[in-house]
Amino acid sequence: MFKSLRHKLLEALQSVAPIIAIVLVLCFSITPLPVDIMLMFIVGAVLLVFGAALFSGGVDMAMTPMGEAIGSDMTKTRRVGLVLFICFLIGAIITIAEPDLQVLAEQVPTIPNLVLILTIALGVGLFLVVAVLRILFHIPLRWMLLGFYLLTFLVAFLAPRDFIPLAFDSGGVTTGPITVPFILALGVGISTIRGDRGSQDDSFGLVALCSIGPILMVLLLGMFYRPTSADYQASGILSAANTREVGAAFVHAFPEYLLEVAWSILPIIGVFVLFNILTRRFRNARLVRMTAGFFYAYIGLVLFLTGANTGFMPVGSYLGKALAASRFSFLLIPLAMAIGYFVVVAEPSVQVLNKQVEEITNGAVTQKAMSLSLSIGVAISAGLAMTRVVTGINIFWFLIPGYAIAIGLSFFVPKLFTGIAFDSGGVASGMMTATFLLPFTMGACEALGGNLLTDAFGVVAMVAMTPLLTIQVLGLYSRFKSDRLTAARATVDALEDDIIDYEAQVLSSHSKEVSARG
C-alpha cells in the first residue's frame, strides 16, 4: 500500500511541477507577486500534491471496485424499471454531493443555491438513466450525441443570453472528482455484464451524456424561472501581512473543507453500505481495504480543495490582472495555452480516466497518449477562451463549429474513441480549471474592462469541448495505423503463400525429374 501511495505521490508531483515552474518564472520576471500570495501558492501546491496522491489511491481502493460491482449487479436483474430508478437516484445524489457544484452555486447569487443545485442534479439523474438505456439496448452513442446536442443548441438560442455561459459551465463542473470515478466504473460494470463484442465500446459515454443534462436543465431554468440575471460573483484575493496570517488562512479553510467534503462523500458511502448489506459483495479484508480507500479519498480531497482554493485561486487571479495591465499583455493568449496544457494533467479525475482507458483497451491507448491528447486540447481551449476575453467574440462562434466537427468525426472514428473523447471533455473541465485557469481568465478580463459574464465565463465549456476533437483525432490515427498494419500483414501473408506455392512447384518438378531418371 505504501509503495502504491509513493508512486501516486510521484505522479502528482510530476503533474503539478510544470504549473509551479510557470508561476515561478512569471513571478521572478514580468509579473512579480506579493510575498503573501506567493507563500500561499507554495503551501497550496504542497497540499495539492499530497491531496491528489491520496485521492487517486483511495479511488483505486474503493470507488472503482464499488462502481463496477453496482453496475454489474444491477444489470443481472430483469426489472429494468428498478434499475433505471436506482440510476436516477444515484446520479442525483452524487451530483448534489459534488464539491465543484457547490462552488458554482455560490458564485451565482441571483439564483438560490438549492434551486440551481436541484436543477442540475435532476439533469444528471435523468441523463444517467438515458446513458444506461443506451448501453442496455445497444444504441449508438454518436446518434444520441447528435440528437441531444442539436436539442441543446436549439434551446440555447431560445434561452436568455445571460444563462448560456452558466449552462455550459454547469455541464463541466458536475463531472468532478466525486462523480467521475463512480460513473466511469458504473459504465464498465454495466457493459461488462453484456459480454458481447460491442460491450467494450459502450463502457464509455456515461460521463458524456451526463454532462448534457445539466446544460439543458439550466437553459430551461432560464426560460421559465426568469430571475433578473445569471450573473457571477467573483472571489476576492486573500491577503496576509505575515506568515502567521498565511497559516491562519489555511487553518480557517481546512475545517470548512472537512465538512464540505464529508457531506460530499457521505452519500457515496451510504450507497456503498446499503449495497453491501443487500448483496454481501465485499467482506473481511476486502471490506477493510475499501473502508481505508474511502478514508484516503476523503482526506485527499480535503487537502486538494484547501490547496487549490486557498493557494492557487489567488495566484491565478493576480497573474491575470497583472499581465493584462502590463506592457506584456500580448503574452496573455500563449501563456493561457501553456497553463491549459499543464493544468489538465493535475486534475485528479483525469488520472482516473487515463488509467481506466489503458486498462479497458489492454494498453492499445496508453495513459501517455491520453495525457498528451488532453493537454493539447485544453491548451487550445485556454487560448480560445483568452481570445474571447481580448476580443469579446460570442461563445457560440466557438461552441457550434467545435461540437459540429466533434460529432461529425464520431461517424468516422472507432466507437470506443467517441465514448472516450466525449467522456474526456467532461473530465478535463474539473477543479484545476475552476481554481486556476478560470481566475486567471477573470483577472485578465477585469483588467481589460471586459464583461465577466459574457467574456470570461465559458472557460469550463471551452475546456470541455476541445478534447472531443483531439481524442477523436487520436482515434483516426489509431485506425489509420491499424489499417496500415492489416494491409502489411495481408501483403506478408500473400508473399508467404506465393513462396509456399513456388516451393511446392519446385518440389513437384524435382520429384518428376527423379521419377524420370529412375
Side-chain angles (χ1 to χ4, degrees), residues 67-68 70-92 95 122-155 171 174-175 179-180 182-217 353 356-357 360-361 403-427 464-465 467-468 471-472 475-476 479:
E68 291 178 358
I70 291 177
S72 62
D73 278 25
M74 276 198 311
T75 50
K76 290 177 181 177
T77 177
R78 295 182 179 180
R79 300 172 65 182
V80 177
L82 178 62
V83 171
L84 298 181
F85 178 70
I86 293 172
C87 287
F88 174 79
L89 283 181
I90 290 175
T95 301
L122 177 63
V124 174
L126 289 174
F127 272 75
L128 183 57
V129 170
V130 171
V132 171
L133 284 172
R134 180 190 74 82
I135 294 176
L136 294 178
F137 294 101
H138 306 219
I139 303 172
L141 177 62
R142 57 173 69 102
W143 289 109
M144 298 197 77
L145 292 172
L146 177 61
F148 282 121
Y149 272 111
L150 282 174
L151 176 63
T152 298
F153 282 106
L154 176 63
V155 175
T174 50
T175 49
T179 311
V180 166
F182 188 81
I183 289 183
L184 283 174
L186 189 70
V188 172
I190 294 173
S191 60
T192 300
I193 205 70
R194 267 179 32 194
D196 56 53
R197 291 182 61 188
S199 62
Q200 184 189 54
D201 296 341
D202 288 339
S203 59
F204 294 96
L206 268 74
V207 174
L209 290 170
C210 287
S211 298
I212 299 174
I215 302 174
L216 272 173
M217 294 305 297
L353 174 69
Q356 196 162 75
V357 168
I360 291 294
T361 61
Y403 277 103
I405 295 171
I407 293 173
L409 283 172
S410 71
F411 288 87
F412 299 96
V413 303
K415 293 179 181 179
L416 178 63
F417 279 91
T418 299
I420 293 172
F422 278 83
D423 279 358
S424 299
V427 172
M465 178 189 71
L468 316 184
I471 298 294
Q472 290 194 102
L476 282 177
R479 166 170 278 186

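These figures come from a predicted structure and were not determined experimentally.
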Please give me the minimum heavy-atom distance between [X] and [Y], naming the atom from each residue.
{"X": "Gly475", "Y": "Pro414", "answer": "O-CD, 3.7 Å"}
{"X": "Ala208", "Y": "Asp423", "answer": "N-OD1, 2.8 Å"}
{"X": "Ile215", "Y": "Gly171", "answer": "CG1-CA, 3.9 Å"}

Inset, instruction - Compare all side-chain heavy atoms of Leu209 with those of Ile212 and state whether any distance is below 4.5 angstrom. - result: yes
Legend entry - Check: Leu206 and Ile135 side chains under 4.5 Å, non-hydrogen atoms: yes
Side chain to side chain contact (heavy atoms under 4.5 Å, CB included) against [X], all qualifying residues, sequence neighbours excluded:
{"X": "Thr418", "result": "Leu141, Leu145, Ser410, Val413, Phe422, Gln472"}
{"X": "Ala464", "result": "Ser429"}
{"X": "Ile86", "result": "Met74, Leu82, Ile90"}
{"X": "Leu154", "result": "none"}

From [X] [atom1] over to [Y] [atom2], what is the distance, rounded to the nearest 0.5 angstrom?
{"X": "Phe153", "Y": "Leu216", "atom1": "CZ", "atom2": "CG", "value": "10.5 Å"}
{"X": "Ile405", "Y": "Leu409", "atom1": "CD1", "atom2": "CG", "value": "7.5 Å"}
{"X": "Leu133", "Y": "Leu84", "atom1": "CG", "atom2": "CG", "value": "4.5 Å"}
{"X": "Ile471", "Y": "Leu476", "atom1": "CD1", "atom2": "CG", "value": "12.0 Å"}
{"X": "Leu89", "Y": "Leu128", "atom1": "CG", "atom2": "CG", "value": "10.5 Å"}

Inset, instruction - Output all residues satisfying ring-ring contact (aromatic ring centres under 6.0 Å, His included) with Phe127, sequence neighbours left out; order by chain, then residue number. - result: Phe148
Legend entry - Which residues share a ring-ring contact (aromatic ring centres under 6.0 Å, His included) with Phe411, sequence neighbours left out: Trp143
Inset, instruction - Report the C-alpha separation of Phe88 and Leu122 in whole Å, then their side-chain angles, then the decisive distance to 0.1 Å, and conclude whether the side-chain contact (heavy atoms from CB on, under 4.5 Å) test is met. - result: CA-CA 8 Å; Phe88 174 79; Leu122 177 63; 3.8 Å; yes
